[in-house]
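Every chain is numbered from 1 and lettered A, B, ... according to where its sequence line falls, protein lines coming before strand lines.
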2 protein chains.
Amino acid sequence: MKRNVLIIGAGGVAQVAAHKCAQHNDVLGDIHIASRTLAKCEAIIASVQAKGSLKVPGVLQAHQVDAMDSAAVAALIRRTGAQIVINLGSAFVNMSVLEACIDTGVAYMDTAIHEDPLKVCETPPWYANHEWKRRQRCADAGVTAILGVGFDPGVVNAYARLAEDRFCDTIASIDIIDINAGSHGRYFATNFDPEINFREFTGTVYSWQNGQWQTHRMFEVSQTWDLPVVGAQKAYLTGHDELHSLSARYPHADLRFWMGFGDHYINVFTVLKNLGLLSEQPVKTAEGLEVVPLKVVKAVLPDPASLAPTYTGKTCIGDWVKGTKNGQPVEVFIYNVADHAQAYAEVGSQAISYTAGVPPVAAALLIAEGTWDARTMVNVEELDPAPFLRLMDRMGLPTRVRDAQGDRPWDA
Amino acid sequence: MKRNVLIIGAGGVAQVAAHKCAQHNDVLGDIHIASRTLAKCEAIIASVQAKGSLKVPGVLQAHQVDAMDSAAVAALIRRTGAQIVINLGSAFVNMSVLEACIDTGVAYMDTAIHEDPLKVCETPPWYANHEWKRRQRCADAGVTAILGVGFDPGVVNAYARLAEDRFCDTIASIDIIDINAGSHGRYFATNFDPEINFREFTGTVYSWQNGQWQTHRMFEVSQTWDLPVVGAQKAYLTGHDELHSLSARYPHADLRFWMGFGDHYINVFTVLKNLGLLSEQPVKTAEGLEVVPLKVVKAVLPDPASLAPTYTGKTCIGDWVKGTKNGQPVEVFIYNVADHAQAYAEVGSQAISYTAGVPPVAAALLIAEGTWDARTMVNVEELDPAPFLRLMDRMGLPTRVRDAQGDRPWDA
């Protein structure tokens, strides 16, 4: 049994995770939230208290920490007695937080690949650049580190494994499709940190096809998918974290990630990118001030958290898997549909944050009870998906499958 | 006779003016160029020398000055013995340079209305906010100050006066049309300082119609004009300096300014404006850095001067005047067509800079010989246009007219 959770970060996803941890604090124990800005942690705690999310009376505390400072994070872990760290801070802090977990021997989770502020789109597979270099040290220290356990990456990796376990003997292709069919009603906004959001789309688009990495430019390849609930949706081949671990487990399958974008988003993105305003490299103004253009774009865009109250519509994210079963071709779509307004009513965040924030708490529960306490570094597809998906069915993110036999709950 | 010219500013327009002054230094005397950045003045001098533009051997000197500092400008005027100042610096420095001219009793010219860095689009008529408040002091000191003597404002004001003098007994409307049908071959660029360029289009669009100021938004009203050489061109009702003086002389006429824009320009502009990236008000980044978004946009856009070498195509700028002559309705288009490549070959700048930089030098020649040495503050329509247009016919900016009698040189 591991107990007591430390959440690093205080954005929209951390808010969801805090609510969900509170809803299960009988199992998880004390809940601590730490970020650079104490007031943001305190706002989350106020939200948890306002919704009465704590299942049983218990500790719920805010802390100030610079998560780039490993020693400071380690000290906080020791001070709080946390045995499970859910890292939902900026992707820039992942390795310093992981180092603190290795140092203190506690479990680590994140939801995105580590990023170097000055590099966009490093050599694939991306996990080999930072995370997997520390795998042996996790194993040696008996430290559980579950990488990328949000929705995508995370749940979609579990969906791939579910396809392998239940629906296919051989897998020919996995197309991961991420559609936000919701509307925030603003001229333009990103659904999470614009800096991270845009960085996803400015570099080379890697996909794994024919046993090797293929490269494209963003918005070069599109396909329209006919999906449950949200209908026909145009999505674009996009570089994304999960391909960089799934390619190790499914080297003979074609692995692609597709993200839905409206024409308006693409137009705004294209203008900003072509002008150089999405660059992470500083420019100098006529007055001699050094500025990173992307940080200025972030400053003028709406705070993603501010979109939640009026967000309407649904998301649909899933794995479209083709392969064979008993020698016959099979095709299955394993997916979740989430609702923006419903997520806001429950935890005060929209569905993009909700789908990313619930899975690490489900994983924390599985670590706490030992089922997923791997005592080494793993990606989600290396773990048994059944208990994870079963937990999420009850936590607000039910999984369904659609295939030749119809559309139904995955575990029916 | 006034002699010796001091050019303030070292951008593309200043480069044209320096070449043109050099071509007439037998009349104008010494030529001095001053800006915040000495190297930019020296580059212009090198260009003038490389083209052999000096008509007779003479003084051609670079100076460093902060043009916001009136006393420093006055000291430079005294030190150089300049009796004519051509102010081609940023519109923010106009009043400090004018004050230096009043202080030293020398002639002043500019090509754009003074702007306050923190205000966009002040109360009309704009000239009354800063310039005209100093008219009496110019008259008292006997200082010639010719406001807005570039192409537009400037030559188009002279065209209005020419219509009054030669083509119309009554004027019903003056539509000033500014079309750049050239191509710079870049994804996006502005033809002069992006900061000034965008400020023109972010505020209220004022026009003078039915005897009062009318307000519109940018790109709200468009009209396609069939023009000589460049053909049919879509142009948009735009706020512009010249309407703010012409409305005093022609209060009973409808006065409108139309600028041509391609759909691509409008799209980029609209995205930047709607995101708040054209704001002159500082924003704060997540890291706490205060930045004016517009200055960052300026920093990432191509330097307008860098466009000149490959710029092709033509500009067409003129006044479409309707009125009556001898009781009959008349309609006349008075215009100039300039060629980007031809301008670059002569003076190393494209046609936008060329059309703005030649007129103040023609005006300087008229001040030097006394014809336009008004010894008070004037807008261009208050002066006899004939000697000005005749000079420009020989200096590279010939004027033509098109009416029921055909298309011909204005003075034929």
Report the option among B/T270, B/V283, B/L277 that has the most heavy-atom pairs separated by less than 4.5 Å from atoms of chain A. B/L277

Between B/T37, B/V297, B/L301, B/N267, which residue shows the highest count of heavy-atom pairs closer than 4.5 Å to chain A? B/N267

Answer with side chain, backbone, both or neither: which region of B/K298 has an atom nearer than 4.5 Å to a non-hydrogen atom of chain A? side chain

Please flag which part of B/E290 lies under 4.5 Å from any non-hydrogen atom of chain A: side chain, backbone, both or neither. backbone

Of the backbone (N, CA, C, O) and the side chain (C-beta and beyond), which part of A/L275 lies under 4.5 Å from a heavy atom of chain B, both, or neither? both

Side-chain heavy-atom pair B/L289, A/L289 within 4.5 angstrom cut-off: yes

With rounding to the nearest 0.5 Å, note down the distance linking CD in A/E287 to CZ in B/R36. 6.5 Å

Shortest non-hydrogen contact from A/N274 toward B/Y187: ND2-CE1, 3.0 Å

Shortest non-hydrogen contact from B/V300 to A/P293? CG1-CG, 4.0 Å

